[in-house]
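A note on names: the letters A, B, ... follow the listed sequences, proteins ahead of strands, and every chain is numbered from 1.
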There are 2 protein chains.
Amino acid sequence: MGNKKKATIKDIANVLNISPAAVSKALHNDSRISDKTKKAVRQVAKNLNYQPNHLASALRKGKSNLVGLIVPRTNSNFFSSVIQNIEEVLNKEGYNVIITQSNESYKKECDNIDTLLFTQVDGIIASMANETVDLDYYEKVKSKGIPLILFDRGENDLNVDYIGINDYDSSHMIVEHLVNQGCKRIAHIGGFKHTRIYNNRIKGYIDAIKKHNLPLENELLIESNLSIKDGRAKMQQLLNLKNRPDAVYVAGDYAALGALQVLNEQHINIPKDIALVGFGNEPFTAMVTPSISSINQHSEDIGKRAALTFLEHAKKDVITQTLNKQILDAELVIRASSDIKKSH
Amino acid sequence: MGNKKKATIKDIANVLNISPAAVSKALHNDSRISDKTKKAVRQVAKNLNYQPNHLASALRKGKSNLVGLIVPRTNSNFFSSVIQNIEEVLNKEGYNVIITQSNESYKKECDNIDTLLFTQVDGIIASMANETVDLDYYEKVKSKGIPLILFDRGENDLNVDYIGINDYDSSHMIVEHLVNQGCKRIAHIGGFKHTRIYNNRIKGYIDAIKKHNLPLENELLIESNLSIKDGRAKMQQLLNLKNRPDAVYVAGDYAALGALQVLNEQHINIPKDIALVGFGNEPFTAMVTPSISSINQHSEDIGKRAALTFLEHAKKDVITQTLNKQILDAELVIRASSDIKKSH
DNA sequence: TATATTTGCTTAAACGATTAAGCAAATATA
DNA sequence: TATATTTGCTTAATCGTTTAAGCAAATATA
């Protein structure tokens, strides 16, 4: 009973005794088809439960109306929100989004790219895995003439569109805030230096520390993969120092959470003994005790802009990769973990 | 420069002076093509950077090798993990997964179904939105003869495959655990009764309460949309009772978090004054203070089974919807929020 | 040697929609 | 009335791949 053959435009044509071409045109509201025929076609289409075969039209038109998305993971609020906003913008324009996750793995990312190319996507929007250093696969996308838009985790060497926040300035904001709270010895648990955004956060940290004439020491600047676990380890490393910091700025919320756990377990008062600031404004930062100050990256805006940037490329058929680096300002959300003045 | 026309099998055929058909067969390792030709074809394909046109083959073969996925949201650990495992299984078999989010909205869910049907997916794996009551759209999928597999949020009325945990038994486990901790007045903040899984949790709660001769009162059994906010509201409602409960079992972790916030804010001791248990084992349950006991739903297993169930359907071309309801046992993870004995 | 089988291809028709080109009938313009 | 234009379709090619059918040459079998 479920064996209903799907109706095609040919079936509609047969019912009405007109050509399939006329049906196609009627469905596309071509001006050269009479209103009478159009109405009839639409009626029959409805009756037959006609659903256009996307594969056929995509093949013929040379575009699939699919956009590929690559994110490190979907279970972070940032990426999930970016995804949602990309979908919102693109669905309206008739595009569908294929979401893939790299799980921070370079290999999986390459597989995803192959998969997306194989699926004939019209464009790829991606945020690179932490691991990714080699850009060959992205060059492959570029060489195919498929629009490529990076967000958050991008790369300067790849000459493509990019949307992200101003990581350098954000670091400045954080250090400035901590200085205002009276902190004198600020540590930074940063991400991988080879990832541009983390490198920029590190640079911002260094310059801001210098600006305020605070101690800039190797032992206060630590590289991390920013997982919860590593956040714990790196916080412990800081606690083991003879001269402990009075503030820690962590380049990611998950690692900041790990740090917070260690501090709580060892009954170190946050923020009085050590103030803590994270990055990303994941919802849990507001849920934990004490709540963690963090940087809001405006994921909605990033998602929307990424989608719009793709659309711009899609509209002009000439494949001119006019570069478009959009750097947005972020916002520091101050919570209990660094609000020393209020905590008195 | 980026204007490289994509190579087709025709191009390969021209280079080697053979027919496109021979090329196609060579690439598919047809036994009727000589090894010599196969090697030559593969070499030329590599040289030309040939990438098969998925649309064309899908059109010809009548299957797209795409599987549609509908989840209420991606930014929960449960769904994200299910997605990851579905992808893992299906990618190995040459399928790609199109992920869509309903954001718990019935309308968005219908749009997603239309989108997936339009994209000619070979099957749909879905977990329904909280809002969804009307099943017409799912019937539409069934009537098209496309395999449909539900997980977690399913419906008995829809006669399709389903993979989920035993919600009824899970409620029993929780109540039993709370009884063992010495609780005598156990409340339940449940989900919508019209959603089967939440209804089963409610039934399990009721039967377990009866079994232990505990008070089963209307004011202790509350329906909620299980958001953080509503969790807060419903917890406050319980606190306003003349006769407060000494334990609260919340049918979702996010709502449990809201409840925990209210309890913490009012300096009610968890678990001594009121014990708390959530559902879903979201990572944050282990992060907050106190950590929240919860039910681990084995998302990996659910994802893998959903994918395998689809593959079974895909293999047999006869569209026999042999029903396959897989109900897995869940696991109670006991944490500080309900560990009264240890907390002394 | 004659016939059957296997090997290694080619030819051509699909899959379903789109679209350039064409053509008769209806209508407009001179 | 003669010519030009518009209307409303049809025809046929096309997108890139797959595949049933066919066919000659090579090899095997009787």
query: Does NZ in B:Lys10 sit with more than 12 non-hydrogen atoms of other residues, nucleotides or ligands closer than 6.0 Å?
result: no
query: Want to settle it: does A:Ala22 or B:Asn17 sit nearer the 5' end of DNA chain C, counting the closest nucleotide to each?
result: B:Asn17
task: For B:Ala21 and for A:Ala7, locate the closest nucleotide of DNA chain C by heavy-atom distance; then report the residue assigned to the nucleotide nearer the 5' terminus.
output: B:Ala21
Counting distance only, does the side-chain N/O of [X] pair as donor-acceptor with the main-chain N or O of [Y] below 3.5 Å?
X	Y	value
A:Thr100	A:Leu69	yes
B:Asp161	B:Ile149	no
B:Asn65	B:Gly94	yes

[X] has an atom [atom1]; how far is it from atom [atom2] of [N], in whole Å?
X	N	atom1	atom2	value
B:Asp30	C:dG8	CG	P	11 Å
B:Lys6	D:dT17	NZ	P	11 Å
B:Lys39	C:dG8	NZ	P	14 Å
B:Lys10	D:dC15	NZ	P	6 Å
B:Ile9	C:dT10	CD1	P	12 Å
B:Asp11	D:dG16	CG	P	9 Å
A:His28	C:dA20	NE2	P	13 Å
A:Arg60	C:dC15	CZ	P	17 Å

message: Classify A:Leu55 by what it touches in the nucleic acid, base, sugar-phosphate, or nothing, heavy-atom distance under 4.0 Å.
response: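 No contact.
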message: For a quick check of understanding: with a heavy-atom distance under 4.0 Å over all strands, which category does A:His54 fall into, base, sugar-phosphate or nothing?
response: nothing
field: Cation-pi geometry met for A:Arg153 and A:Tyr162 (6.0 Å, 45°)
entry: no
- prompt: A:Ser31 or B:Arg32: which one's nearest nucleotide on DNA chain D is closer to the 5' end?
  reply: A:Ser31
message: Determine whether a donor-acceptor pair (one donor, one acceptor, N or O, separation below 3.5 Å) exists between the side chain of B:Lys25 and the base of C:dT10.
response: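 Indeed there is one.
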task: State, to the nearest 10°, the angle formed by the axis through the first five base pairs of the helix from C:dT1-D:dA30 to C:dA30-D:dT1 and the axis through its last five.
output: 40°
message: Closer than 4.0 angstrom, basic N to acidic O: yes or no for B:Asp136 and B:Lys140?
response: no
query: Quick one: do A:Asp11 and A:Lys6 make a salt bridge, cutoff under 4.0 Å?
result: no
Tell me whether the side-chain N/O atoms of [X] come closer than 4.0 Å to OP1 or OP2 in [N].
X	N	result
B:Ser24	D:dT18	yes
A:Ser19	D:dT10	yes
A:Thr37	D:dC9	yes
B:Ser34	C:dT7	no

field: Identified side-chain contact (heavy atoms from CB on, under 4.5 Å) counterpart of B:Arg305 within the set B:Ile163, B:Asn324, B:Val89
entry: B:Ile163
